[in-house]
Amino acid sequence: MLERVEAIIQQLVNEVDFPQASELFATLSGGKRLRARLILTIAPNDSRAPLLGAIVELIHAASLLHDDVIDEAMMRRGTPSVNATHGSKLAIMLGDILYSKAFSELTSFDPEISFSISQSVMKLSVGEMMDVAMAESFNVNREEYLKMLYLKTATLIESCAYCAAILENKEAARYGLYGKNLGLAFQIVDDILDITSDDETLGKPALNDFVEGKATLPYIDLYDALDGDERDKLVGCHGRELSKAEKVWIRDRMEHFGVIERSYHYAQELCDEAIRCVPEEAALRAIIASVIQRSY
Ligand code: FPP
Ligand code: MG
């Protein structure tokens, strides 16, 4: 069924009827398609589920195009970002085309669905703005960080699960909560992999979050665990390129204080909570497993 989503994505991009946009879009890597997979798994019998999956994947692709401009990121999914190869202007404009095409198609759905998805995209835009503001100095507030994560990543995944349940006449609230917990766990695992994986596996430089100024959960916990000069040293590393020795030191201190395990344990708890929302859905448990066990 994912092939059907891919075919619809291609068709929607072709309908834009602008070869430069199609050519540029063809250079993007599709990624894990987590959001489309989620929709198809929750609504396997609904004929419009693949279209909703395609719409959400186009919105997600647009958000990443814009995010790479905002983060000045040169790599995305193992290849140079569009802003790196074609400049920020083209990356923004391609993002604009993709999300506005997606929203045009979304109008054909029930208002409860179109409202939920649109509302979640507003929230993810607010989350992005929070993320940028929080990166200006070392944010050590865990609650604030989790709120930003919810907005930036979990809201769209929550909405996908909620809307797919509406399509399939299932209890939308329970599925939405599953999606929220899955989305939070997904982003926390992402944050962990940024620290524990190497550049090649990640498809972007490792430890890049902290270089970009993003103090993710393991950094917040490390800050709490350190004191005196070591805490000052960590703060001094924030938001700049790191030397090899500094990278080794950060990883070593994280290992020493077990902060990665703590974040991983928290992600696991969120996954358990997600499963408790929909205990009858074995296939949704498999999606959880693929999120928590992945290496990139
Ligand atoms: C990646 O975060 C960014 C997001 C999940 C959301 C970005 C949202 C916007 C730019 C709002 C605009 C929305 C649209 C539809 C145009 P990250 O930087 O932490 O992750 P990364 O390491 O994958 O870049
Ligand atoms: Mg980014």
Let's go through D68 and M74 carefully: what are the C-alpha distance in whole Å and the side-chain angles of both, what is the deciding distance for side-chain contact (heavy atoms from CB on, under 4.5 Å) to 0.1 Å, and is it a yes or a no?
CA-CA 7 Å; D68 284 342; M74 295 297 123; over 6 Å; no

Atom [atom1] of residue position [X] - does it have more than 12 heavy atoms of other residues, nucleotides or ligands inside 6.0 Å?
X	atom1	value
E255	CD	no
K32	NZ	yes
E280	CD	yes
R251	CZ	yes

Pairs in or reaching into residues 146-203: which pass ring pair (Phe, Tyr, Trp, His ring centres under 6.0 Å), with residues at least two apart or in two chains?
none

Can you list every salt bridge (charged side-chain N to carboxylate O under 4.0 Å, His left out) pair that touches residues 179-195, not counting sequence neighbours?
D190-R294

Under the rule for ring-ring contact (aromatic ring centres under 6.0 Å, His included), what residues qualify as partners of F138, not counting sequence neighbours?
F210, Y223, H238

Below 4.0 angstrom, N of the basic side chain to O of the carboxylate: do K214 and D71 qualify?
yes

I'd like to know if R174 and E281 make a salt bridge, using a cut-off of under 4.0 Å between side-chain N and carboxylate O.
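No.
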
What's the shortest heavy-atom distance between P218 and V259, and which atoms?
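It is O-CG2, 3.7 Å.
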
Contact summary for L51 and L12, nearest pair of heavy atoms:
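Scanning both residues, the minimum pair turns out to be CD1-CD1, 4.3 Å.
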
As a quick check of understanding, evaluate side-chain contact (heavy atoms from CB on, under 4.5 Å) for V13 and K101, giving each step before the final call.
CA-CA 8 Å; V13 173; K101 174 63 179 165; over 6 Å; no

